[in-house]
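Numbered from 1 within each chain, the chains take letters A, B, ... in sequence-line order.
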Amino acid sequence: MLKVSFPTVQQLMEVKSDLMPAIERNQAKQAAAEAYETLQRSLNQGRDQHTRVQDYLDQIVEMREFDVPYHVRFAIDMDVRCGQWFTVSSDEGQMKMERRADILQRAELRICAFDIETTKLPLKFPDASYDQVMMISYMIDAQGYLIINREVVGEDIEDLEYTPKPEFPGPFKVFNVANERAVLRKWFDHMRELKPGVYVTYNGDFFDWPFIETRAKVHGMTMYDEIGFRHDAKAGECRSKCCCHLDAFAWVKRDSYLPQGSQGLKAVTKAKLGYDPLEVNPEDMVQFAIEQPQMMASYSVSDAVATYYLYMTYVHPFIFSLATIIPMPPDEVLRKGSGTLCEMLLMVQAFKANIVCPNKHLSSVEKIYNGHLLESETYIGGHVECLESGVFRSDIPTRFRLDPRGYEYLLDNLDRDLQYAITVEGKMELSSVLNYEEVKSEIKAKLEALRDTPNREECPLIYHLDVAAMYPNIILTNRLQPPSIVTDDVCAACDFNRPEKTCLRKLEWVWRGETFMATRSEYVHLKNQIESEQFPSLTDGGPPRFFRDLDSEQQSSKLKDRLKKYCQKVYKRVLDKPTTEHRIAGICMRENPFYVDTVKSFRDRRYEYKGLNKVWKGKLAAAKASGSQIKTQEAARSPLIGKPLELDTDGIWCALPGSFPENFTFKTSNEKKKSLTISYPCVMLNVDVARNNTNDQYQTLIDPVRHIYKTSSECSIEFEVDGPYKAMILPASKEEGGVIKKRYAVFNHDGTLAELKGFEVKRRGELKLIKVFQSEVFENFLGGTTLEECYDAVAAVANRWLDMLEDFTR
DNA sequence: ACACACACCTAC
DNA sequence: GCAGGTAGGTGTGTGT
């Protein structure tokens with residue numbers, strides 16, 4: 001490997017564009033050579049072929065880390081992060097930054113949350129080309145300001161206060177100015193005077209900033225020249241070089257875990273700040289500004305108050321904490337996807353471990369399966385099942401038809417399970433337990449009673465059992481990481497490859513692919529056909545374009561469209577029924593554990609955080625059960641002992657008979673830990689998981705010089721338990737006996753809602769919109785005196801709505 | 001009436 | 001230039 005560094009990004013790009021074609025050429029050559037070699041081997045004429053290095057350019061087959069943005073590269077290499085303190089010094093122009101790890105206090109930035117109100121036409125969204133800014137409200141360091149456009153607002157507004165909660169004070173100073181131009185002038189001047197370090201908006205990336213920018217232009221001002229912000233329509237964001245713009249809506253979308261139906265500022269305020277904000281129907285705003293200006297003024301500042309305190313309470317601590325570990329500025333930490341953030345963390349760890357990052361994996365195009373073009377291929381994911389519908393209440397007895405064999409099994413394995421709970425989960429000596437027999441006989445008696453009277457009516461115990469951080473723990477238990485997925489030829493070339501080797505772990509998975517109905521030859525025919533066709537020019541009256549002139553994305557979409565139409569015509573359907581295939585993956589247990597170790601350190605941080613969070617909330621549940629995933633076969637036993645209600649991927653909601661053994665406390669002679677509380681239902685699952693999923697082939701390099709590995713057994717896939725609950729409600733489908741997955745409601749014993757999953761109330765509030773539409777159509781329909789007038793009026797409403805929905809969709 | 005494709009948005 | 005994954009419910013449009 002050759003490392004090349006550049007003083008500027010431009011130089012990097014120049015070299016990259018020189019090298020890229022050569023690399024593509026060399027890769028193609030290499031692929032051809034490999035194919036040729038395989039052929040040679042199969043003809044049993046294999047011979048080493050050494051190429052003489054004539055031109056180094058011919059030898060470059062890959063380029064790495066050329067697409068790392070400059071500021072990310074800098075932050076990683078120099079170990080600089082936003083949100084940390086540094087002592088900065090300069091020695092003859094050479095800058096030095098020294099990290100001040102001793103200062104943990106967050107910097108006190110000047111934060112400005114702002115929000116604009118604009119005019120708008122009935123049932124239209126505000127359009128900056130003709131609508132105006134009515135008011136700008138903003139809060140800086142808990143002091144509010146409101147600029148009023150007196151051309152729109154009916155009267156002068158006096159200073160006011162909007163304090164929705166004592167902890168969220170909102171005193172506002174009001175500036176009444178003559179017109180929109182003066183509003184913008186005042187705001188720009190005030191911002192230049194106060195120089196905020198962070199601007200905060202709610203959806204300002206898409207609305208407030210571009211609106212202000214456009215209106216400023218109308219009045220001959222340039223927002224960029226005034227305060228350094230420019231809206232980038234392509235990226236859909238508004239940013240500046242000199243300070244941050246943190247759009248709280250981006251935090252709500254990615255980090256709040258609120259459903260989309262509750263991501264408006266009003267719903268977020270209710271959910272996160274715990275008060276009911278002022279609400280005004282957007283259709284009434286302009287009228288109110290003219291007729292009830294004081295009320296409109298209060299409303300206007302209420303959004304700025306909500307945005308400011310949402311930011312101060314949630315967004316700021318979250319983003320600036322994340323920024324101390326992610327090598328990006330806060331604006332990007334806020335807006336990037338979780339995949340990019342994870343990649344950044346991996347790149348930091350890779351740099352520290354002197355590992356060169358791999359390039360993004362590209363799946364090959366035009367895969368053929370069984371003589372048909374593959375439309376998509378993937379793996380079978382989590383399993384979901386709903387077994388019951390109806391109401392389950394802990395205070396209303398329900399009929400249990402238990403299977404004595406299930407209880408017999410639990411009794412047979414009671415010692416094993418309890419000992420597992422003590423030694424593995426509790427990490428304690430069995431001999432240190434003082435009341436083992438006592439606990440055991442108590443559980444035994446309960447299990448025997450259930451076994452002996454399996455048909456019984458009892459109040460149910462509604463429990464939820466789920467695996468903590470399941471995917472990371474599957475990864476860690478099995479040492480899964482991209483470079484560890486090996487094929488026979490990889491093993492064949494490995495020094496550790498012996499007949500009795502244990503370093504290759506085999507794991508089953510299920511492949512699923514969907515193919516087009518058309519055969520490969522039909523596909524090839526269609527492709528040849530389309531390649532000779534012409535397509536309309538991009539410009540009016542320009543020359544037609546050939547297929548080869550289209551970019552690769554357009555080509556493949558045009559070809560796919562053609563193929564779909566062909567399949568629909570000839571086969572009456574586009575895709576064949578999906579096919580599945582059981583496959584075995586080989587996992588190398590000796591690959592450098594960089595990814596696995598990194599996942600581990602992040603999982604442990606998550607556990608640490610979750611633990612501290614629990615302590616802080618005073619909710620520390622004593623029973624932190626260890627456990628394991630149930631194999632399908634084993635899961636089948638669980639109906640035998642109670643009623644499974646709903647399963648999804650890593651968790652089970654179930655009803656156990658009221659007399660089922662629950663929590664027990666072992667007393668111990670251990671001075672440091674005098675007792676150990678276990679949840680029997682949890683332990684029972686964890687033993688199964690451990691028995692079926694422990695990796696006995698886990699290998700750790702202990703002597704890098706002599707290549708000696710230590711083999712150990714690992715299983716960190718463990719169930720946690722919560723409950724019992726007061727009630728669970730599972731909806732039924734329209735078909736008799738039909739059940740619905742992923743939708744249920746659960747109540748706590750104090751009557752509060754514990755979980756509400758999947759129901760329409762969590763989705764977008766379109767119903768509301770439809771009702772407004774219906775009432776408007778209704779009104780207009782009645783308004784006419786002839787049928788024609790009625791139809792015309794309704795058509796006018798419909799057209800307005802179509803326009804509006806188009807804006808809305810955009 | 002029925003299936004299929006697709007959009008949208010949720011659970012995990 | 002950027003984009004985590006699969007499973008599943010509901011509603012609409014379309015073709016047979």
Side-chain angles (χ1 to χ4, degrees), chain A residues 9 13 67-69 72 232-237 239 250 253-255 257-263 328 332 335-346 360-363 375-386 389 464-475 480 482 509-514 516-517 551 553 560-561 564-565 567-578 580 599 602 629 646-653 730-735 738-746 755-767 769-770 805 808-809:
Chain A
V9 175
M13 296 303 280
D67 49 1
V68 180
V72 173
D232 178 351
K234 221 166 127 200
E237 33 183 69
R239 292 175 53 185
K253 281 192 284 190
R254 195 190 64 194
D255 305 313
Y257 290 94
L258 287 167
Q260 264 188 274
S262 308
Q263 290 182 353
M328 282 181 158
E332 288 176 15
R335 289 174 179 85
K336 297 289 179 189
S338 53
T340 302
L341 299 189
C342 286
E343 190 180 77
M344 292 300 120
L345 293 174
L346 279 167
K360 185 176 173 161
H361 175 76
L362 298 170
S363 61
E375 198 267 344
S376 64
E377 61 173 339
T378 183
Y379 58 90
I380 299 289
H383 183 74
V384 191
E385 237 177 295
C386 183
S389 69
H464 182 221
L465 294 131
D466 80 322
V467 176
M470 187 183 76
Y471 288 123
N473 280 310
I474 291 176
I475 289 169
L480 299 177
W509 63 288
V510 184
W511 176 90
R512 189 187 61 215
E514 281 189 281
F516 288 100
M517 292 298 289
D551 65 50
E553 222 163 87
K560 270 201 169 162
D561 277 354
K564 278 181 183 173
K565 284 210 180 81
C567 291
Q568 192 61 256
K569 199 171 150 195
V570 175
Y571 295 96
K572 311 285 178 232
R573 59 186 287 161
V574 177
L575 299 175
D576 207 343
K577 288 213 171 70
T580 58
V599 169
F602 288 138
Q629 186 191 24
E646 210 257 8
L647 301 93
D648 194 337
T649 309
D650 63 354
I652 306 172
W653 287 92
L730 298 130
S733 78
K734 283 180 198 161
E735 281 101 61
V739 288
I740 292 171
K741 297 166 178 176
K742 293 183 185 283
R743 294 191 162 196
Y744 56 83
V746 179
E755 307 274 6
L756 183 75
K757 301 291 188 190
F759 293 106
E760 287 306 312
V761 291
K762 284 199 155 183
R763 296 165 63 103
R764 270 215 183 277
E766 266 144 302
L767 270 180
L769 212 65
I770 290 165
L805 287 173
F808 186 70
T809 311

Between [X] and [N], is there a side-chain N or O to OP1/OP2 distance below 4.0 Å?
| X | N | result |
| --- | --- | --- |
| A:Lys742 | B:dT10 | no |
| A:Arg512 | C:dT6 | no |
| A:Tyr379 | C:dA7 | no |
| A:Thr649 | B:dA11 | no |

Task: A:Asp648 bridged to A:Lys742 by N-O distance under 4.0 Å - done: yes

TODO: Output yes when A:Arg239 and A:Glu332 qualify as a salt bridge under the 4.0 Å nitrogen-oxygen rule, no when they do not.
DONE: yes

Send over the distance from [X] [atom1] to [N] [atom2], rounded to a whole Å.
| X | N | atom1 | atom2 | result |
| --- | --- | --- | --- | --- |
| A:Met344 | C:dG4 | CE | P | 11 Å |
| A:His383 | C:dG5 | NE2 | P | 23 Å |
| A:Asp648 | B:dT10 | CG | C1' | 11 Å |
| A:Arg254 | C:dC2 | CZ | C1' | 14 Å |
| A:Leu647 | B:dA11 | CG | C1' | 13 Å |
| A:Ile380 | B:dC12 | CD1 | C1' | 16 Å |
| A:Trp509 | C:dG5 | CH2 | C1' | 14 Å |
| A:Asp650 | C:dA7 | CG | C1' | 13 Å |

Open item on the list: Quick check against the 3.5 Å criterion: does A:Arg512 have a side-chain atom that pairs as donor or acceptor with the backbone of A:Ile380?
Closed with: no

Open item on the list: For the backbone of A:Trp511 and the side chain of A:Glu377, can you confirm whether one donor and one acceptor N or O come within less than 3.5 Å of each other?
Closed with: no

How is [X] classified with respect to the nucleic acid when contacts are heavy atoms under 4.0 Å: base, sugar-phosphate, or nothing?
| X | result |
| --- | --- |
| A:Lys336 | sugar-phosphate |
| A:Thr378 | sugar-phosphate |
| A:Ser733 | nothing |
| A:Tyr257 | nothing |
| A:Tyr471 | nothing |

Task: Among C:dA7, C:dG4, C:dA3, the nucleotide that comes nearest once only the side chain of A:Lys360 is considered - done: C:dA3

Task: Listed nucleotide nearest any side-chain atom of A:Pro259, set C:dG4, C:dG9, B:dT10 - done: B:dT10

Open item on the list: Would you say that A:Leu730 contacts A:Trp653 through its side chain, given a criterion of any heavy-atom pair below 4.5 Å between the two side chains?
Closed with: no

- [ ] Work out which heavy atom in A:Ser389 is nearest to a heavy atom in A:Ala732; give both atom names and the distance.
- [x] OG-CB, 3.8 Å

Open item on the list: If you compare all heavy atoms of A:Ala745 against all heavy atoms of A:Leu756, which two are closest, and at what distance to 0.1 Å?
Closed with: CB-CD1, 3.9 Å

Dump every N/O contact between nucleotides 11-13 of chain C and the protein below 3.5 Å, one line per pair.
none

TODO: Write down the partner of C:dG4 under the Watson-Crick or G-U wobble criteria, each distance required to be under 3.5 Å.
DONE: none

Tabulated below should be each protein N or O lying under 3.5 Å from an N or O of nucleotides 2-7 of chain B; please produce it.
from	atom 1	to	atom 2	distance (Å)
B:dC6	OP1	A:Lys564	NZ	3.3

- [ ] Determine the sole option in A:Asp650, A:Val599, A:Thr649 for which the side-chain contact (heavy atoms from CB on, under 4.5 Å) test with A:Tyr471 is passed.
- [x] A:Thr649

Open item on the list: Just verifying a value: how many Å separate A:Lys565 NZ and A:Lys569 NZ, rounded to the nearest 0.5 Å?
Closed with: 11.0 Å

TODO: Find the distance between NE2 (A:His464) and CD (A:Glu646) and round it off to the nearest 0.5 Å.
DONE: 8.5 Å

